[in-house]
Amino acid sequence: MAPLIELSGITKSYGHVDALNGVDLTLHDNEIIGLIGDNGAGKSTLIKILSGVETFDKGTMRIGGAAVDPGRHTVKTARDMGIETVFQDKSLGESQPIWRNFFMGRHRTNPLGMIRVAHEKKEAMKVLTKIIGLKGAGLSADAPVSVLSGGERQGLAIGRAMYFNARVVILDEPTTALAVKEVDKVLGFAKALKTEGKSGIFVSHNLHHVHDVVDRFLFLQRGRVVHEARKADETPESLMATLMKWS
Ligand SMILES: Nc1ncnc2c1ncn2[C@@H]1O[C@H](COP(=O)(O)OP(=O)(O)OP(=O)(O)O)[C@@H](O)[C@H]1O
């Protein structure tokens, strides 16, 4: 079976800055990989290209074996091919109810074009309580997003991606600026991707978090993949030593 994602020789420049300089990357079915690299290594550029936010200059991208035309790759086509990204700065509508956020931009409608509100509320709560495991007396589909903690908001975004049939969920610094208990929740949500048969790409500066979640690590430096390693061969400390070596 073809890898879910296969990148070969991907380059991307912003003016004179080579953000990516010949990146090769393979992601297999039901695998989570971690992208590790210092500031400016190219991690964000790479995930923006995968998610269709940015295009690439040279190289080939295959998703599920099908070649992607960089001129036609958009957030919509990436989603249609099963790639969803939970960006660090994603904005949820704070005062909007949870169910609306869950279905934002992708509402289920009846033949008259009206939103199937009761159905959407039921579906959203099913995912959030059964798959993501959110708890709490005040938790209801009608509650505003503002009742959710930082970690739970990540859970909503991850659950939504899974519901809309993502095959790959990209998590961009999902644990940044969260309290310890919230971090544990988010790491649990990330690991749930595998239980649900999905794949993932996890980007974080925290090597303990990366080590906890992923199967394989790719080290990026100045727009190139300079080192790859498997979880079985690494500890958070050895990852740090490798990062220092390449920084
Ligand atoms: N829109 C842009 N315009 C110009 N240069 C950019 C742009 N986006 C990224 N770059 C440059 O491309 C290089 C790679 O940046 P990128 O944000 O992908 O790195 P990163 O590994 O995600 O860093 P960080 O961990 O700090 O987020 C950097 O030199 C950065 O300054």
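In listed order, ligands and their atoms are each counted from 1. Numbering of residues begins at 1 and proceeds along the displayed sequence.
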For a distance cut-off of 3.5 Å, show me each N or O of ligand 1 paired with any protein N or O, plus the separation.
unit_1	atom_1	unit_2	atom_2	d
ligand 1	18 (O)	Thr45	N	2.9
ligand 1	18 (O)	Thr45	OG1	2.5
ligand 1	19 (O)	Gly42	N	3.1
ligand 1	21 (O)	Ala41	N	3.1
ligand 1	21 (O)	Gly42	N	2.9
ligand 1	21 (O)	Lys43	N	3.0
ligand 1	21 (O)	Lys43	NZ	2.8
ligand 1	22 (O)	Ser44	N	2.8
ligand 1	22 (O)	Ser44	OG	2.7
ligand 1	23 (O)	Gly40	N	2.8
ligand 1	25 (O)	Asn39	OD1	3.4
ligand 1	25 (O)	Lys43	NZ	2.8
ligand 1	25 (O)	His205	NE2	3.2
ligand 1	26 (O)	Asn39	OD1	3.2

Does a donor on one side chain sit under 3.5 Å from an acceptor on the other, for [X] and [Y]?
X	Y	value
Glu120	His107	yes
Asp57	Thr11	no
Tyr14	Glu54	yes
His209	Ser204	no

Arg224 side chain reached by Val23 side chain, heavy atoms, under 4.5 Å: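 They are not in contact (no side-chain heavy atoms under 4.5 Å apart), so the answer is no.
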Cation over ring face, Arg106 and Phe164, 6.0 Å, 45°: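 Yes, a cation-pi geometry holds between Arg106 and Phe164.
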